[in-house]
Engineer: 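Quick one: structure below, then a few questions.
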Amino acid sequence: MDFAFQNSIKEPSEVVGRYAPSPTGHMHLGNARTALLAWLHARRQGGRFILRFEDLDHTRVRPYAYDSIRQDLEWLGLDWDEEHIQSERLDLYEEAFQKLETYPCTCSRKDILEAASAPHGAEMVYPGICLQGGLKPERPQAWRWRVPEVSIRVSDHLVGPITQNLPYDVGDFVLKRNDGVFAYHLAVVVDDADMGVTEVVRGMDLWTATPRQVALQQALGFPTPEYWHVPLMTDFQGVRLAKRNGAPSVHDLRNHNANPESIVSQLTMGLGYDVPGTITPRELLSSPLTKLDNSYK
Ligand code: GLU
């Protein structure tokens, strides 16, 4: 993977990166690799680094995960200048929500599936039932954003670009769920702007959701950060690592006295860089990061 660590023309003082885990369990190695990349990317440019816990979906939060993630990051040798917790920032999301044109929606997934015409993408596009008088007053209301009639093009340093027509490819999407929880897309956009984030290094699974986040940035008058969507780590069968599939957690490795410096080395080599068998993130900051010789392939 060609990961351009030093291609920025920004002043070091302007660079702000972040790692934004959802505290839903222990970190696995794929999470650790994304965190390491995000950290390296910001720190190699002399930038600041933020740890942000994305814990709005309280049904998925595991209280032990905050400390476990903090300890795993420290154990790996990663540090951060600021920490934020989304569940403590609800006023900011409400303020942004109030600025957007939204409408209430009482549709269940089933209602939407039944009403949607032939799906024209991987995702279900909301067919506008509640806009056309389908609101069911006895049900709790979610709030959807009436998306502007525009196409959004986003570029990324590793993949893309991607273009999506908002009404056709995305549809009016939920900004506040019917249990009052703000949608991740709204919170991430508000937070990245509020925290001055300039570099978003995160997993590839969020790439196709990026145009809707950029649309929200534009509607709210926020700048668009630069994006690096990094490949997800897979097991030997090519299946994405996931806690639910039994991927080894960093927490377990830590408790079994694994050597964090060899984990950092293996994660970095797994990205195609030629580094010693043990190395700390801080040493990686000043290492030349040359690509491994793949000529045997
Ligand atoms: N909280 C998201 C996750 O853990 C990451 C969001 C982001 O980096 O924008 O997958």
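We count ligands from 1, going down the list as the structure has it; atoms in each ligand are counted the same way. One-based numbering along the sequence shown.
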Engineer: Could you tell me whether D72 and R254 have a side-chain N and a carboxylate O separated by less than 4.0 Å?
Structural biologist: yes
Engineer: With a cut-off of 4.0 Å, which atoms of ligand 1 are near a heavy atom of S22?
Structural biologist: 1 (N), 2 (C), 3 (C), 4 (O)
Engineer: When you compare the side chain of V181 with that of K176, does any pair of heavy atoms fall below 4.5 Å?
Structural biologist: no
Engineer: Would you say Y19 contacts ligand 1, with heavy atoms under 4.0 Å as the rule?
Structural biologist: no
Engineer: Is there a heavy atom of Q213 sitting under 4.0 angstrom from any atom of ligand 1?
Structural biologist: no
Engineer: Please write down residue, atom name and distance for the protein heavy atom closest to atom 5 (C) of ligand 1.
Structural biologist: A20 O, 3.3 Å
Engineer: Any salt bridge between R70 and E74, counting N to O under 4.0 Å?
Structural biologist: no
Engineer: Atoms of ligand 1 less than 4.0 Å from Y184 heavy atoms?
Structural biologist: 6 (C), 7 (C), 9 (O)
Engineer: I want to check a possible cation-pi pair here: R144 against F173, using under 6.0 Å from ring centre and within 45° of the ring axis as the test.
Structural biologist: no
Engineer: Which protein non-hydrogen atom lies closest to atom 6 (C) of ligand 1, naming both residue and atom, and how far is it?
Structural biologist: E54 OE1, 3.1 Å
Engineer: Determine the sole option in R89, R18, H84 for which the side-chain hydrogen bond (donor to acceptor under 3.5 Å, both in side chains) test with D191 is passed.
Structural biologist: R89
Engineer: Would you mind checking which non-hydrogen protein atom is closest to atom 10 (O) of ligand 1, with the distance to 0.1 Å?
Structural biologist: L206 CD1, 4.3 Å
Engineer: How far does CG of L253 sit from NE2 of H28, to the nearest 0.5 angstrom?
Structural biologist: 12.5 Å
Engineer: Before signing off on this row, confirm whether D205 and ligand 1 have an N or O atom pair separated by under 3.5 Å.
Structural biologist: no
Engineer: Taking distance alone, with N or O pairs closer than 3.5 Å, would you say R18 contacts ligand 1?
Structural biologist: yes
Engineer: Salt bridge or not for R60 and D55, using N-O below 4.0 Å?
Structural biologist: no
Engineer: Using a 4.0 Å cut-off to any heavy atom of V188, which atoms of ligand 1 qualify?
Structural biologist: 9 (O)
Engineer: Taking distance alone, with N or O pairs closer than 3.5 Å, would you say V200 contacts ligand 1?
Structural biologist: no
Engineer: Atoms of ligand 1 less than 4.0 Å from R202 heavy atoms?
Structural biologist: 7 (C), 8 (O), 9 (O)
Engineer: Tell me whether the NZ or CZ atom of R52 lies within the 45° cone about the ring axis of Y19 and under 6.0 Å from its centre.
Structural biologist: no
